[in-house]
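These notes concern the structure reproduced below.
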Protein chains: 2
Amino acid sequence: MATQTPAPAAGLRETKKHETRQLISDHATRLFIAQGFEQTTIAEIAAAARVAKKTVTNYFPRKEDLALDHQEEFAASLAAAVAARHQGESALTALRRAFADAVAAQDPVAGFSGQEFARMIADSPTLTACLRGLHDQREHHLAQALADATGARSDDITVQTAAALLGTVHRVLFHRIQTLTLAGHPDDQITHTIAAEATQAFDLLEPALRDYAAA
Amino acid sequence: MATQTPAPAAGLRETKKHETRQLISDHATRLFIAQGFEQTTIAEIAAAARVAKKTVTNYFPRKEDLALDHQEEFAASLAAAVAARHQGESALTALRRAFADAVAAQDPVAGFSGQEFARMIADSPTLTACLRGLHDQREHHLAQALADATGARSDDITVQTAAALLGTVHRVLFHRIQTLTLAGHPDDQITHTIAAEATQAFDLLEPALRDYAAA
DNA sequence: TCGCAAACTTGCGACGGAGGTAAATTTAGC
DNA sequence: GCTAAATTTACCTCCGTCGCAAGTTTGCGA
(Lines give C-alpha, C1' and ligand atoms only; values in the text may rest on other atoms or scores of the structure.)
Protein backbone atom coordinates (compact mmCIF):
# COMPACT_ATOMS: atom_id res chain seq x y z
CA MET A 1 0.00 0.00 0.00
CA ALA A 2 2.60 2.42 1.11
CA THR A 3 4.64 1.58 -1.96
CA GLN A 4 1.83 2.64 -4.30
CA THR A 5 3.56 5.82 -5.43
CA PRO A 6 2.81 6.39 -9.13
CA ALA A 7 -0.88 7.14 -8.79
CA PRO A 8 -0.92 10.42 -6.82
CA ALA A 9 0.29 12.87 -9.44
CA ALA A 10 4.07 12.86 -9.78
CA GLY A 11 5.48 12.39 -6.31
CA LEU A 12 5.92 14.78 -3.47
CA ARG A 13 9.41 15.63 -4.55
CA GLU A 14 8.39 16.99 -7.94
CA THR A 15 5.52 18.87 -6.36
CA LYS A 16 7.68 20.65 -3.84
CA LYS A 17 10.17 21.43 -6.54
CA HIS A 18 7.55 23.21 -8.60
CA GLU A 19 6.24 24.94 -5.52
CA THR A 20 9.67 26.25 -4.62
CA ARG A 21 10.25 27.41 -8.15
CA GLN A 22 6.91 29.18 -8.26
CA LEU A 23 7.51 30.70 -4.83
CA ILE A 24 10.80 32.19 -5.95
CA SER A 25 9.37 33.38 -9.24
CA ASP A 26 6.43 35.07 -7.53
CA HIS A 27 8.57 36.95 -5.03
CA ALA A 28 10.95 37.92 -7.82
CA THR A 29 8.31 39.43 -10.11
CA ARG A 30 6.74 41.20 -7.15
CA LEU A 31 10.03 42.80 -6.16
CA PHE A 32 11.03 43.57 -9.76
CA ILE A 33 7.78 45.41 -10.39
CA ALA A 34 7.94 47.21 -7.06
CA GLN A 35 11.56 48.37 -7.17
CA GLY A 36 12.77 47.70 -10.70
CA PHE A 37 14.89 44.89 -12.10
CA GLU A 38 18.36 46.35 -11.67
CA GLN A 39 17.55 47.67 -8.21
CA THR A 40 16.58 44.24 -6.91
CA THR A 41 19.35 41.86 -5.86
CA ILE A 42 19.20 38.10 -5.96
CA ALA A 43 19.94 38.05 -2.23
CA GLU A 44 16.77 40.09 -1.61
CA ILE A 45 14.67 37.64 -3.60
CA ALA A 46 16.18 34.72 -1.73
CA ALA A 47 15.45 36.39 1.61
CA ALA A 48 11.85 37.15 0.60
CA ALA A 49 11.28 33.56 -0.49
CA ARG A 50 13.08 32.21 2.60
CA VAL A 51 15.56 30.13 0.60
CA ALA A 52 19.29 30.21 0.05
CA LYS A 53 20.75 32.42 -2.62
CA LYS A 54 22.14 29.38 -4.35
CA THR A 55 18.67 27.86 -4.62
CA VAL A 56 17.56 30.89 -6.60
CA THR A 57 20.45 30.72 -9.03
CA ASN A 58 19.94 26.98 -9.18
CA TYR A 59 16.42 27.28 -10.57
CA PHE A 60 17.20 30.42 -12.57
CA PRO A 61 20.79 30.40 -13.83
CA ARG A 62 20.64 34.00 -15.01
CA LYS A 63 18.88 36.84 -13.29
CA GLU A 64 16.89 37.58 -16.45
CA ASP A 65 15.30 34.13 -16.26
CA LEU A 66 13.52 35.30 -13.12
CA ALA A 67 11.73 38.04 -15.03
CA LEU A 68 11.13 36.56 -18.46
CA ASP A 69 9.08 33.41 -18.31
CA HIS A 70 7.83 31.22 -21.16
CA GLN A 71 10.98 31.84 -23.17
CA GLU A 72 10.84 28.54 -24.99
CA GLU A 73 7.24 29.02 -25.97
CA PHE A 74 8.00 32.49 -27.30
CA ALA A 75 11.02 31.38 -29.29
CA ALA A 76 9.13 28.50 -30.86
CA SER A 77 5.89 30.34 -31.62
CA LEU A 78 6.60 31.39 -35.21
CA ALA A 79 8.16 28.10 -36.19
CA ALA A 80 5.16 26.30 -34.73
CA ALA A 81 2.76 28.46 -36.72
CA VAL A 82 4.55 27.59 -39.94
CA ALA A 83 4.74 23.91 -39.10
CA ALA A 84 0.99 23.90 -38.43
CA ARG A 85 -0.04 25.83 -41.55
CA HIS A 86 -3.06 24.68 -43.51
CA GLN A 87 -3.03 22.87 -46.82
CA GLY A 88 -1.95 25.22 -49.57
CA GLU A 89 -1.27 28.01 -47.12
CA SER A 90 1.93 30.01 -47.44
CA ALA A 91 4.21 30.78 -44.49
CA LEU A 92 3.22 34.44 -44.67
CA THR A 93 -0.47 33.66 -44.49
CA ALA A 94 0.04 31.25 -41.62
CA LEU A 95 2.01 33.84 -39.70
CA ARG A 96 -0.64 36.50 -40.38
CA ARG A 97 -3.25 34.22 -38.92
CA ALA A 98 -1.09 33.32 -35.95
CA PHE A 99 -0.55 36.99 -35.14
CA ALA A 100 -4.20 37.87 -35.58
CA ASP A 101 -5.19 35.03 -33.26
CA ALA A 102 -2.65 36.04 -30.63
CA VAL A 103 -3.87 39.65 -30.73
CA ALA A 104 -7.50 38.61 -30.52
CA ALA A 105 -6.66 36.49 -27.48
CA GLN A 106 -4.50 39.30 -26.06
CA ASP A 107 -1.75 36.74 -25.64
CA PRO A 108 1.19 37.79 -23.44
CA VAL A 109 3.48 36.12 -25.96
CA ALA A 110 2.36 38.68 -28.55
CA GLY A 111 3.23 41.55 -26.22
CA PHE A 112 0.19 41.92 -23.96
CA SER A 113 2.12 41.75 -20.73
CA GLY A 114 0.45 44.46 -18.66
CA GLN A 115 1.67 47.97 -18.04
CA GLU A 116 3.81 47.26 -14.99
CA PHE A 117 5.58 44.42 -16.71
CA ALA A 118 6.21 46.50 -19.80
CA ARG A 119 7.60 49.26 -17.62
CA MET A 120 9.92 46.83 -15.89
CA ILE A 121 11.36 45.68 -19.21
CA ALA A 122 11.61 49.16 -20.69
CA ASP A 123 13.46 50.45 -17.63
CA SER A 124 16.05 47.69 -17.69
CA PRO A 125 18.81 47.57 -20.32
CA THR A 126 19.54 44.00 -19.30
CA LEU A 127 15.98 42.87 -19.97
CA THR A 128 15.65 44.72 -23.29
CA ALA A 129 18.87 43.09 -24.44
CA CYS A 130 17.53 39.73 -23.34
CA LEU A 131 14.31 40.33 -25.24
CA ARG A 132 16.32 41.13 -28.36
CA GLY A 133 18.03 37.80 -27.94
CA LEU A 134 14.67 36.06 -27.74
CA HIS A 135 13.50 37.71 -30.96
CA ASP A 136 16.72 36.47 -32.52
CA GLN A 137 16.17 32.91 -31.33
CA ARG A 138 12.63 33.05 -32.63
CA GLU A 139 13.95 34.07 -36.03
CA HIS A 140 16.43 31.19 -36.02
CA HIS A 141 13.72 28.68 -35.21
CA LEU A 142 11.58 30.15 -37.93
CA ALA A 143 14.43 29.78 -40.40
CA GLN A 144 14.72 26.14 -39.44
CA ALA A 145 10.99 25.63 -39.93
CA LEU A 146 11.09 27.33 -43.33
CA ALA A 147 14.05 25.17 -44.32
CA ASP A 148 12.09 22.08 -43.34
CA ALA A 149 9.07 23.32 -45.25
CA THR A 150 10.90 24.17 -48.47
CA GLY A 151 13.57 21.50 -48.43
CA ALA A 152 16.29 24.12 -48.57
CA ARG A 153 19.25 24.35 -46.23
CA SER A 154 18.64 26.51 -43.18
CA ASP A 155 21.67 28.65 -43.99
CA ASP A 156 20.41 29.37 -47.50
CA ILE A 157 20.22 33.09 -48.07
CA THR A 158 16.62 32.94 -49.28
CA VAL A 159 15.51 31.08 -46.16
CA GLN A 160 17.47 33.42 -43.91
CA THR A 161 16.02 36.50 -45.56
CA ALA A 162 12.46 35.23 -45.54
CA ALA A 163 12.71 34.26 -41.86
CA ALA A 164 14.25 37.62 -41.04
CA LEU A 165 11.60 39.64 -42.84
CA LEU A 166 8.72 37.66 -41.36
CA GLY A 167 10.27 37.73 -37.90
CA THR A 168 10.90 41.44 -38.20
CA VAL A 169 7.27 42.27 -38.87
CA HIS A 170 6.28 40.27 -35.81
CA ARG A 171 8.97 42.03 -33.81
CA VAL A 172 7.85 45.50 -34.89
CA LEU A 173 4.27 44.72 -33.99
CA PHE A 174 5.37 43.25 -30.67
CA HIS A 175 7.18 46.45 -29.82
CA ARG A 176 4.22 48.46 -30.95
CA ILE A 177 1.96 46.61 -28.51
CA GLN A 178 4.50 47.16 -25.77
CA THR A 179 4.72 50.87 -26.55
CA LEU A 180 0.96 51.31 -26.53
CA THR A 181 0.67 49.33 -23.31
CA LEU A 182 3.35 51.51 -21.76
CA ALA A 183 1.48 54.62 -22.86
CA GLY A 184 -1.50 53.42 -20.87
CA HIS A 185 -3.84 52.37 -23.67
CA PRO A 186 -6.33 49.70 -22.62
CA ASP A 187 -5.85 46.27 -24.16
CA ASP A 188 -9.12 46.37 -26.07
CA GLN A 189 -8.15 49.57 -27.82
CA ILE A 190 -4.70 48.20 -28.61
CA THR A 191 -6.26 45.09 -30.10
CA HIS A 192 -8.29 47.26 -32.45
CA THR A 193 -5.41 49.56 -33.41
CA ILE A 194 -2.92 46.76 -33.97
CA ALA A 195 -5.23 44.74 -36.19
CA ALA A 196 -5.23 47.50 -38.81
CA GLU A 197 -1.51 48.17 -38.51
CA ALA A 198 -0.73 44.47 -38.82
CA THR A 199 -2.65 44.28 -42.08
CA GLN A 200 -0.66 47.21 -43.38
CA ALA A 201 2.68 45.76 -42.29
CA PHE A 202 2.11 42.22 -43.55
CA ASP A 203 0.77 43.55 -46.84
CA LEU A 204 4.22 44.96 -47.53
CA LEU A 205 5.58 41.42 -47.66
CA GLU A 206 2.80 39.99 -49.84
CA PRO A 207 4.45 40.64 -53.22
CA ALA A 208 7.77 39.30 -51.95
CA LEU A 209 6.59 36.21 -50.10
CA ARG A 210 3.03 35.55 -51.32
CA ASP A 211 3.65 31.93 -52.20
CA TYR A 212 6.74 31.21 -50.14
CA ALA A 213 6.70 27.82 -48.47
CA ALA A 214 3.14 27.13 -49.58
CA ALA A 215 2.19 23.68 -48.35
CA MET B 1 59.29 80.23 -28.44
CA ALA B 2 58.80 77.82 -25.60
CA THR B 3 55.40 79.26 -24.89
CA GLN B 4 54.21 78.53 -28.41
CA THR B 5 51.90 75.72 -27.38
CA PRO B 6 48.86 75.82 -29.64
CA ALA B 7 50.65 74.92 -32.86
CA PRO B 8 51.85 71.33 -32.11
CA ALA B 9 48.68 69.32 -32.31
CA ALA B 10 46.42 69.54 -29.27
CA GLY B 11 48.51 69.67 -26.12
CA LEU B 12 50.55 67.11 -24.28
CA ARG B 13 47.63 65.91 -22.22
CA GLU B 14 45.43 64.93 -25.15
CA THR B 15 48.32 63.14 -26.78
CA LYS B 16 49.12 60.99 -23.78
CA LYS B 17 45.44 60.27 -23.34
CA HIS B 18 45.13 58.90 -26.83
CA GLU B 19 48.34 56.96 -26.42
CA THR B 20 47.13 55.31 -23.24
CA ARG B 21 43.80 54.50 -24.81
CA GLN B 22 45.41 53.00 -27.88
CA LEU B 23 47.87 51.06 -25.73
CA ILE B 24 45.05 49.48 -23.74
CA SER B 25 42.97 48.79 -26.83
CA ASP B 26 45.89 47.11 -28.60
CA HIS B 27 46.72 44.80 -25.72
CA ALA B 28 43.02 44.01 -25.31
CA THR B 29 42.42 42.94 -28.91
CA ARG B 30 45.65 40.95 -28.89
CA LEU B 31 44.60 39.04 -25.78
CA PHE B 32 40.99 38.63 -26.90
CA ILE B 33 42.06 37.07 -30.19
CA ALA B 34 44.68 34.91 -28.52
CA GLN B 35 42.58 33.50 -25.68
CA GLY B 36 38.99 34.52 -26.41
CA PHE B 37 36.85 37.31 -25.03
CA GLU B 38 35.30 35.61 -22.02
CA GLN B 39 38.58 33.95 -21.06
CA THR B 40 40.39 37.27 -20.84
CA THR B 41 39.96 39.32 -17.68
CA ILE B 42 40.22 43.06 -17.41
CA ALA B 43 42.95 42.58 -14.82
CA GLU B 44 45.03 40.72 -17.40
CA ILE B 45 44.63 43.52 -19.91
CA ALA B 46 45.58 46.08 -17.29
CA ALA B 47 48.66 44.09 -16.34
CA ALA B 48 49.69 43.71 -19.99
CA ALA B 49 49.29 47.44 -20.61
CA ARG B 50 51.00 48.28 -17.29
CA VAL B 51 48.11 50.40 -16.00
CA ALA B 52 45.61 50.08 -13.17
CA LYS B 53 42.45 48.05 -13.59
CA LYS B 54 40.43 51.19 -13.00
CA THR B 55 42.21 52.99 -15.80
CA VAL B 56 41.00 50.35 -18.25
CA THR B 57 37.38 50.59 -17.13
CA ASN B 58 37.75 54.34 -17.12
CA TYR B 59 38.51 54.51 -20.83
CA PHE B 60 36.19 51.62 -21.68
CA PRO B 61 33.16 51.56 -19.37
CA ARG B 62 32.04 48.11 -20.48
CA LYS B 63 34.27 45.20 -21.38
CA GLU B 64 32.59 44.93 -24.78
CA ASP B 65 33.80 48.42 -25.65
CA LEU B 66 37.33 47.02 -25.65
CA ALA B 67 36.47 44.63 -28.46
CA LEU B 68 33.96 46.48 -30.61
CA ASP B 69 35.33 49.70 -31.98
CA HIS B 70 33.65 52.23 -34.28
CA GLN B 71 30.28 51.60 -32.71
CA GLU B 72 28.97 55.07 -33.44
CA GLU B 73 30.00 54.87 -37.07
CA PHE B 74 28.28 51.52 -37.45
CA ALA B 75 25.06 52.65 -35.80
CA ALA B 76 24.88 55.76 -37.95
CA SER B 77 25.82 54.18 -41.27
CA LEU B 78 22.34 53.44 -42.63
CA ALA B 79 20.87 56.72 -41.48
CA ALA B 80 23.78 58.52 -43.12
CA ALA B 81 23.21 56.69 -46.40
CA VAL B 82 19.58 57.78 -46.45
CA ALA B 83 20.41 61.35 -45.51
CA ALA B 84 22.93 61.49 -48.35
CA ARG B 85 20.71 59.93 -51.02
CA HIS B 86 20.70 61.42 -54.50
CA GLN B 87 17.97 63.52 -56.01
CA GLY B 88 14.92 61.40 -56.73
CA GLU B 89 16.50 58.36 -55.16
CA SER B 90 14.45 56.23 -52.79
CA ALA B 91 15.72 55.07 -49.40
CA LEU B 92 15.90 51.50 -50.68
CA THR B 93 18.02 52.46 -53.65
CA ALA B 94 20.32 54.56 -51.50
CA LEU B 95 20.79 51.67 -49.06
CA ARG B 96 21.44 49.24 -51.92
CA ARG B 97 24.16 51.52 -53.19
CA ALA B 98 25.62 52.01 -49.73
CA PHE B 99 25.82 48.26 -49.20
CA ALA B 100 27.31 47.61 -52.63
CA ASP B 101 29.95 50.28 -52.00
CA ALA B 102 30.81 48.87 -48.58
CA VAL B 103 31.15 45.37 -50.01
CA ALA B 104 33.30 46.58 -52.91
CA ALA B 105 35.54 48.35 -50.40
CA GLN B 106 35.47 45.30 -48.10
CA ASP B 107 34.53 47.66 -45.30
CA PRO B 108 34.82 46.25 -41.77
CA VAL B 109 31.56 48.03 -40.96
CA ALA B 110 29.80 45.80 -43.50
CA GLY B 111 31.18 42.68 -41.83
CA PHE B 112 34.67 42.27 -43.28
CA SER B 113 36.42 42.01 -39.95
CA GLY B 114 38.91 39.22 -40.57
CA GLN B 115 38.59 35.61 -39.56
CA GLU B 116 40.12 35.90 -36.09
CA PHE B 117 37.89 38.79 -35.19
CA ALA B 118 34.80 36.98 -36.47
CA ARG B 119 35.77 33.95 -34.44
CA MET B 120 36.16 36.08 -31.33
CA ILE B 121 32.65 37.47 -31.71
CA ALA B 122 31.04 34.15 -32.62
CA ASP B 123 32.59 32.46 -29.59
CA SER B 124 31.35 35.07 -27.13
CA PRO B 125 27.67 35.30 -26.12
CA THR B 126 28.37 38.70 -24.63
CA LEU B 127 29.74 40.07 -27.89
CA THR B 128 26.99 38.59 -30.05
CA ALA B 129 24.42 40.17 -27.74
CA CYS B 130 26.26 43.46 -28.00
CA LEU B 131 26.28 43.21 -31.78
CA ARG B 132 22.53 42.61 -31.74
CA GLY B 133 22.19 45.80 -29.76
CA LEU B 134 24.22 47.67 -32.35
CA HIS B 135 22.00 46.42 -35.16
CA ASP B 136 19.06 47.61 -33.12
CA GLN B 137 20.55 51.06 -32.61
CA ARG B 138 21.28 51.22 -36.32
CA GLU B 139 17.64 50.47 -37.04
CA HIS B 140 16.51 53.20 -34.66
CA HIS B 141 18.77 55.76 -36.30
CA LEU B 142 17.49 54.66 -39.68
CA ALA B 143 13.90 55.12 -38.49
CA GLN B 144 14.78 58.64 -37.39
CA ALA B 145 16.35 59.39 -40.78
CA LEU B 146 13.30 58.02 -42.60
CA ALA B 147 11.03 60.11 -40.41
CA ASP B 148 13.06 63.18 -41.26
CA ALA B 149 12.94 62.29 -44.95
CA THR B 150 9.21 61.67 -45.13
CA GLY B 151 7.98 64.18 -42.57
CA ALA B 152 6.31 61.43 -40.59
CA ARG B 153 6.74 60.82 -36.88
CA SER B 154 9.54 58.41 -36.03
CA ASP B 155 7.13 56.20 -34.07
CA ASP B 156 4.78 55.90 -37.03
CA ILE B 157 4.17 52.27 -37.85
CA THR B 158 5.05 52.72 -41.51
CA VAL B 159 8.38 54.33 -40.67
CA GLN B 160 9.14 51.68 -38.07
CA THR B 161 8.33 48.87 -40.46
CA ALA B 162 10.29 50.32 -43.35
CA ALA B 163 13.32 50.91 -41.15
CA ALA B 164 13.05 47.42 -39.70
CA LEU B 165 12.79 45.72 -43.11
CA LEU B 166 15.66 47.70 -44.60
CA GLY B 167 17.79 47.23 -41.50
CA THR B 168 17.01 43.53 -41.48
CA VAL B 169 18.29 42.95 -44.99
CA HIS B 170 21.51 44.70 -44.06
CA ARG B 171 21.71 42.62 -40.90
CA VAL B 172 21.19 39.34 -42.74
CA LEU B 173 23.86 40.22 -45.27
CA PHE B 174 26.20 41.30 -42.46
CA HIS B 175 25.80 37.94 -40.78
CA ARG B 176 26.27 36.21 -44.11
CA ILE B 177 29.62 37.94 -44.58
CA GLN B 178 30.60 36.99 -41.05
CA THR B 179 29.62 33.38 -41.63
CA LEU B 180 31.56 33.13 -44.86
CA THR B 181 34.56 34.81 -43.24
CA LEU B 182 34.38 32.34 -40.39
CA ALA B 183 34.24 29.45 -42.85
CA GLY B 184 37.56 30.61 -44.24
CA HIS B 185 36.45 32.05 -47.58
CA PRO B 186 38.81 34.73 -48.89
CA ASP B 187 37.42 38.27 -48.94
CA ASP B 188 37.51 38.51 -52.73
CA GLN B 189 35.33 35.47 -53.12
CA ILE B 190 32.93 36.72 -50.45
CA THR B 191 32.65 40.02 -52.25
CA HIS B 192 31.60 38.19 -55.39
CA THR B 193 29.14 35.87 -53.68
CA ILE B 194 27.53 38.56 -51.58
CA ALA B 195 26.95 40.91 -54.48
CA ALA B 196 24.57 38.42 -56.10
CA GLU B 197 22.84 37.54 -52.85
CA ALA B 198 22.37 41.20 -51.98
CA THR B 199 20.63 41.81 -55.28
CA GLN B 200 18.31 38.90 -54.54
CA ALA B 201 17.58 40.07 -51.00
CA PHE B 202 17.01 43.73 -51.79
CA ASP B 203 14.83 42.80 -54.77
CA LEU B 204 12.36 41.28 -52.32
CA LEU B 205 11.74 44.74 -50.89
CA GLU B 206 11.42 46.52 -54.25
CA PRO B 207 7.65 46.08 -54.64
CA ALA B 208 7.07 47.14 -51.03
CA LEU B 209 9.42 50.08 -50.79
CA ARG B 210 10.28 51.04 -54.37
CA ASP B 211 9.40 54.70 -53.97
CA TYR B 212 9.58 55.04 -50.21
CA ALA B 213 11.20 58.26 -49.04
CA ALA B 214 12.16 59.24 -52.59
CA ALA B 215 13.91 62.60 -52.42
C1' DT C 1 55.12 88.87 -18.35
C1' DC C 2 55.06 86.08 -14.51
C1' DG C 3 53.42 83.49 -10.63
C1' DC C 4 49.77 81.33 -7.98
C1' DA C 5 45.68 79.17 -6.51
C1' DA C 6 41.23 77.04 -7.81
C1' DA C 7 38.87 73.65 -10.78
C1' DC C 8 39.12 69.84 -13.49
C1' DT C 9 40.94 65.37 -15.00
C1' DT C 10 43.45 61.11 -14.55
C1' DG C 11 44.97 57.26 -12.00
C1' DC C 12 44.41 54.30 -7.92
C1' DG C 13 42.57 51.03 -4.08
C1' DA C 14 38.38 49.29 -2.18
C1' DC C 15 33.55 47.66 -2.19
C1' DG C 16 28.96 45.36 -3.83
C1' DG C 17 26.57 42.11 -6.75
C1' DA C 18 26.28 38.24 -10.17
C1' DG C 19 27.50 33.75 -11.05
C1' DG C 20 29.98 29.33 -10.01
C1' DT C 21 32.31 25.32 -7.25
C1' DA C 22 32.73 22.05 -3.37
C1' DA C 23 31.42 19.95 0.73
C1' DA C 24 28.01 19.30 4.38
C1' DT C 25 23.17 18.68 5.68
C1' DT C 26 18.53 17.71 5.13
C1' DT C 27 14.69 15.13 2.97
C1' DA C 28 11.99 12.21 -0.44
C1' DG C 29 11.62 7.48 -2.12
C1' DC C 30 12.61 2.66 -1.68
C1' DG D 1 17.45 2.65 7.75
C1' DC D 2 19.64 3.55 3.11
C1' DT D 3 20.38 5.83 -1.28
C1' DA D 4 20.06 9.74 -4.00
C1' DA D 5 18.57 14.23 -4.83
C1' DA D 6 17.68 18.80 -3.23
C1' DT D 7 19.07 22.49 -0.37
C1' DT D 8 22.20 24.89 2.27
C1' DT D 9 26.59 26.89 3.66
C1' DA D 10 30.95 28.91 2.77
C1' DC D 11 34.00 30.68 -0.52
C1' DC D 12 35.74 32.38 -4.79
C1' DT D 13 36.36 35.21 -9.22
C1' DC D 14 35.27 38.87 -12.00
C1' DC D 15 32.76 42.92 -13.65
C1' DG D 16 31.33 47.51 -12.77
C1' DT D 17 31.02 51.52 -9.56
C1' DC D 18 32.31 54.69 -5.54
C1' DG D 19 35.51 57.90 -2.63
C1' DC D 20 40.51 59.60 -2.53
C1' DA D 21 45.16 61.39 -3.96
C1' DA D 22 48.16 63.55 -7.54
C1' DG D 23 48.98 66.19 -11.45
C1' DT D 24 47.55 69.56 -15.14
C1' DT D 25 45.23 73.41 -17.09
C1' DT D 26 43.09 77.86 -16.49
C1' DG D 27 41.74 82.26 -14.56
C1' DC D 28 43.30 86.04 -11.95
C1' DG D 29 46.12 89.43 -9.86
C1' DA D 30 50.68 91.58 -9.40
Side-chain angles (χ1 to χ4, degrees), chain A residues 1-25 27-28 31-32 35-68 124-127 129-130 133, chain B residues 1-25 27-28 31-32 35-68 124-127 129-130 133:
Chain A
M1 257 297 211
T3 58
Q4 190 196 13
T5 41
L12 187 66
R13 204 168 209 161
E14 288 295 313
T15 308
K16 294 201 97 173
K17 223 173 133 175
H18 279 113
E19 277 178 9
T20 306
R21 186 192 169 89
Q22 195 58 45
L23 182 73
I24 294 172
S25 178
H27 281 283
L31 289 170
F32 285 158
Q35 338 174 340
F37 180 79
E38 320 278 4
Q39 285 70 39
T40 305
T41 71
I42 293 185
E44 266 181 296
I45 297 168
R50 310 286 304 276
V51 294
K53 195 173 64 170
K54 188 67 186 71
T55 306
V56 176
T57 66
N58 187 14
Y59 282 102
F60 305 91
R62 292 166 309 148
K63 195 182 175 186
E64 304 91 274
D65 300 334
L66 282 160
L68 301 178
S124 161
T126 306
L127 287 181
C130 191
Chain B
M1 261 287 218
T3 58
Q4 189 195 11
T5 41
L12 187 74
R13 195 171 197 162
E14 288 294 314
T15 308
K16 295 201 97 175
K17 211 171 142 177
H18 280 111
E19 276 178 9
T20 306
R21 187 189 169 88
Q22 195 59 43
L23 181 73
I24 294 172
S25 177
H27 281 283
L31 289 170
F32 284 157
Q35 341 174 339
F37 180 79
E38 321 279 3
Q39 285 70 38
T40 305
T41 73
I42 293 186
E44 267 181 296
I45 297 169
R50 309 288 303 276
V51 295
K53 221 182 324 183
K54 182 66 177 73
T55 305
V56 176
T57 66
N58 190 8
Y59 281 101
F60 304 91
R62 292 165 309 149
K63 193 183 176 186
E64 305 91 275
D65 299 333
L66 282 159
L68 300 179
S124 162
T126 307
L127 288 181
C130 191

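Reckoned from all heavy atoms, side chains included, excluding hydrogens, waters and symmetry mates. Note that the structure is predicted; figures quoted are calculated from it, not measured. Residue numbers start from 1 in every chain, and the chains themselves are labelled A, B, ... in the order their sequence lines are given, proteins ahead of strands.
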Students often get this wrong, so: under 4.0 angstrom with heavy atoms, is B:Glu64 touching a base, only sugar-phosphate, or nothing? sugar-phosphate
I want to verify a distance call: between C:dG19, C:dC12, D:dT9, whose nearest atom is closest to the B:Ala52 side chain? C:dC12
Looking at every non-hydrogen atom in both residues, tell me the closest pair between A:Ala49 and A:Leu23 and how far apart they are. O-CD2, 3.4 Å
Taken to the nearest whole Å, CG/B:Leu23 to C1'/C:dT10 is 15 Å
Just how far, in rounded Å, is C1' of D:dT7 from NE2 of A:His18? 17 Å
What is the minimum heavy-atom distance between A:Pro125 and A:Glu38, and which atoms define it? CD-OE2, 3.2 Å
For D:dT7 and A:Thr20 - does any side-chain N or O of the residue sit under 4.0 Å from the phosphate oxygens OP1/OP2? yes
Base, sugar-phosphate alone, or nothing: which one does B:Phe60 contact when heavy atoms must sit under 4.0 Å apart? nothing
Under the salt bridge (Lys or Arg N to Asp or Glu O under 4.0 Å) rule, collect the residues that match up with B:Arg62, sequence neighbours excluded. B:Glu64, B:Asp65
Looking across every strand, which nucleic acid part, if any, lies under 4.0 Å from B:Thr126 by heavy atom: base, sugar-phosphate, or nothing? nothing
Kindly say if A:Lys17 contacts the phosphate of D:dA6, meaning a side-chain N or O under 4.0 Å from OP1 or OP2. yes
Does C:dA28 have its OP1 or OP2 closer than 4.0 Å to a side-chain nitrogen or oxygen of A:Lys16? yes
Whether A:Lys54 contacts D:dT8 is assessed here as follows: a side-chain N or O lying under 4.0 Å from the phosphate OP1 or OP2. Is that the case? no
OP1 or OP2 of D:dA6 less than 4.0 angstrom from a side-chain nitrogen or oxygen of A:Tyr59, does that happen here? no
I need the CG-C1' distance between A:Asn58 and C:dA22, as an integer number of Å. 14 Å
What is the distance, to the nearest angstrom, from the CG atom on B:Asp65 to the C1' atom on D:dC15? 13 Å
Is there a side-chain contact between B:Tyr59 and B:Ser25 (heavy atoms, below 4.5 Å)? no
Does B:Thr41 put a side-chain nitrogen or oxygen below 4.0 Å from OP1 or OP2 of D:dT13? no
A:Leu66 CG to C:dG17 P, straight-line distance once rounded to whole Å: 16 Å
Using whole Å, report how far NZ of A:Lys63 lies from P of C:dG20. 14 Å
Considering only heavy atoms from C-beta outward, does the side chain of A:Phe32 approach that of A:Ile45 to under 4.5 Å? yes
When the distance from CD of A:Glu19 to C1' of D:dA6 is rounded to whole Å, what number comes out? 14 Å
Distance check needed: D:dG16 C1' versus B:Ile42 CD1, whole Å only. 8 Å
